[in-house]
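The structure appears below as structure tokens.
Just so it is clear, the structure is predicted and the values come from calculations on it, not from any experiment. Here is how names work: the chains are called A, B, and so on, in the same order as the sequence lines, proteins then strands, and each is numbered from 1.
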Protein chains: 2
Amino acid sequence: MTQAPAKQSAREKLLDAAFSVIRAQGYSATSVDDLCRAAGVTKGAFFHHFASKEALAVAAANHWNETTSALFAAAPYHAPEDPLDRVLGYLDFRRAILQGDLPEFTCLVGTMVQEAYGSNPEIRDACRVSIFDHAAHIERDIAEAMDRRGMTTTEWTARSLALHTQAVLQGAFILAKAEGTAEGGAALAAQSVDHLKRYIEMLFTLEERANAA
Amino acid sequence: MTQAPAKQSAREKLLDAAFSVIRAQGYSATSVDDLCRAAGVTKGAFFHHFASKEALAVAAANHWNETTSALFAAAPYHAPEDPLDRVLGYLDFRRAILQGDLPEFTCLVGTMVQEAYGSNPEIRDACRVSIFDHAAHIERDIAEAMDRRGMTTTEWTARSLALHTQAVLQGAFILAKAEGTAEGGAALAAQSVDHLKRYIEMLFTLEERANAA
DNA sequence: GACTCGATACCAACCGGTTGGTATGTAGCG
DNA sequence: CGCTACATACCAACCGGTTGGTATCGAGTC
């Protein structure tokens with residue numbers, strides 16, 4: 001648990017470079033030389049730390065999982081006592097971090113898995129773990145919110161709703177990229193998050209009305 | 001309006017090949033030789049019909065727009081008199097076509113735009129047109145459904161809801177690819193479509209209750 | 001209807017640059 | 001000394017793209 005000071009190893013520099021370069025260009029279009037240039041290291045350093053370009057992608061996906069886990073764990077939305085408020089707070093947080101250029105707020109593993117799912121199982125698995133692990137965190141709050149309200153539905157589960165939130169976010173990123181500008185794209189993504197939040201509010205509000213009746 | 005018989009030009013064969021190969025491998029990972037091999041033509045034919053690999057991508061995106069437009073125009077969901085039923089029917093249709101392998105039901109332009117948005121404006125624009133044109137069709141039915149019910153909301157628009165449907169679908173494809181198997185992925189995507197459909201039903205149902213009161 | 005002519009569609013071989021990856025060397029440190 | 005952490009130089013394969021050429025066809029000419 002050292003807190004990386006000024007000195008950063010070539011490995012760390014390469015992983016950081018991978019985050020930004022791959023999110024901007026995609027995995028296949030990013031060459032090993034691109035990564036070395038962005039990280040300010042040589043090819044020798046690259047292949048000293050990673051057996052292959054593929055191995056770096058797997059390491060980057062795992063590192064992404066750790067980095068984002070820490071980011072969301074440290075986020076303020078966990079404070080509310082009502083788990084539903086935590087879920088809605090999570091969405092507010094996701095909406096709030098839609099800032100800067102597109103490669104800065106889009107998802108590394110969502111981008112990579114599209115290029116790797118068919119031809120590179122190891123990368124795909126690392127991406128899947130990152131996405132589904134993250135969804136599992138939200139699932140816990142959703143399940144607790146349902147539990148607390150005694151909600152029973154056969155139509156959907158906490159898991160399917162948690163995965164749906166991730167689908168909305170990933171899809172919002174695609175539309176943002178298609179839109180062209182960072183601001184316009186972020187606004188588009190924010191609107192999708194708003195729709196999602198409204199949906200979840202309605203799901204739980206209707207339940208409370210039903211219980212009240 | 002000739003209905004392509006057995007004879008297909010190299011151009012058509014290449015565009016068809018691009019649909020399947022790029023959806024399976026991504027744009028950057030697909031070489032010109034890959035496309036030629038899949039289409040059963042030579043490189044000479046490729047560069048006779050397309051000025052560059054990039055030009056083929058643009059043509060493929062445009063062709064995708066035409067192909068999918070025709071598919072959805074011919075779909076049965078346009079029959080209902082109530083525009084809301086057409087919107088819900090559209091979602092049923094999207095859910096129903098989640099079949100076969102992943103490259104068969106996922107979106108070409110959604111895949112390509114992720115790799116092209118930063119480095120290739122022409123491809124990005126062609127993808128954007130395809131996605132937003134499609135959304136505009138759904139927007140029309142949504143707007144009509146709102147209009148018919150005299151719905152007025154400042155929180156969302158027909159356009160934002162239409163774009164949200166596309167975000168959900170695109171995101172569902174990413175989760176499907178991450179999941180690993182075609183069946184599991186399709187099931188995951190279907191659940192997201194279900195959530196989306198439930199959301200839209202609730203949006204309009206609540207409005208009707210409010211109007212009734 | 002035989003003949004040319006230019007345009008279109010396509011092909012096989014090839015080119016220079018880039019790719020992921022390797023072989024070898026070396027500076028610093030315990 | 002031996003080990004880690006890099007750097008330099010290099011390679012074969014592959015990349016997008018070009019070349020020079022051929023096969024086919026419809027329009028025009030006599």
Side-chain angles (χ1 to χ4, degrees), chain A residues 2 4-19 21-22 24-61 63 111-112 115-116 118-124 126, chain B residues 2 4-19 21-22 24-61 63 111-112 115-116 118-124 126:
Chain A
T2 59
K7 203 99 179 194
Q8 208 182 9
S9 75
R11 184 190 158 87
E12 287 164 335
K13 282 193 273 189
L14 281 165
L15 288 175
D16 282 356
F19 279 9
V21 178
I22 294 178
Q25 306 185 349
Y27 169 70
S28 298
T30 298
S31 69
V32 173
D33 283 324
D34 283 342
L35 292 166
C36 291
R37 213 174 303 129
V41 304
T42 61
K43 230 170 179 178
F46 184 102
F47 285 102
H48 172 71
H49 290 287
F50 305 102
S52 62
K53 185 190 171 188
E54 176 187 345
L56 167 118
V58 171
H63 187 47
T111 301
M112 278 207 301
E115 299 180 63
S119 35
N120 205 313
E122 297 185 19
I123 298 178
R124 182 202 61 207
Chain B
T2 59
K7 203 98 180 194
Q8 209 182 8
S9 75
R11 186 190 156 87
E12 288 164 334
K13 281 192 273 188
L14 281 165
L15 288 174
D16 282 356
F19 280 10
V21 177
I22 294 178
Q25 306 185 349
Y27 170 69
S28 297
T30 299
S31 71
V32 174
D33 282 323
D34 283 343
L35 292 166
C36 292
R37 212 173 304 127
V41 304
T42 62
K43 229 170 179 178
F46 184 102
F47 285 101
H48 171 72
H49 290 287
F50 305 102
S52 62
K53 186 191 172 188
E54 176 186 345
L56 167 117
V58 171
H63 187 46
T111 301
M112 278 204 303
E115 298 181 64
S119 35
N120 206 313
E122 297 185 19
I123 298 178
R124 183 203 59 206

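- Look at B:H48 and you won't find any side-chain N or O under 4.0 angstrom from OP1 or OP2 of C:dT8.
- Geometric assessment of B:K53 against the ring of B:F46 yields a negative cation-pi assignment under the 6.0 Å and 45° thresholds.
- Atom-to-atom distance recorded for A:T30:OG1 and A:E115:CD is 8.0 Å, nearest 0.5 angstrom.
- Contact check, B:H49 against C:dA9: no side-chain N or O comes under 4.0 Å of OP1 or OP2.
- A:D16 is listed as a side-chain neighbour of A:H63, based on a closest heavy-atom distance under 4.5 Å.
- B:E122 CD: 12 or fewer foreign heavy atoms inside a 6.0 Å radius.
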Protein-to-nucleotide contact annotation, 5' to 3' order, nucleotides 11-30 of chain C [B base; S sugar-phosphate only; - none; under 4.0 Å, heavy atom]: BB------SBBB--------
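- One finds a salt bridge joining A:D34 and A:R37 here, because a Lys/Arg side-chain nitrogen approaches an Asp/Glu carboxylate oxygen to under 4.0 Å.
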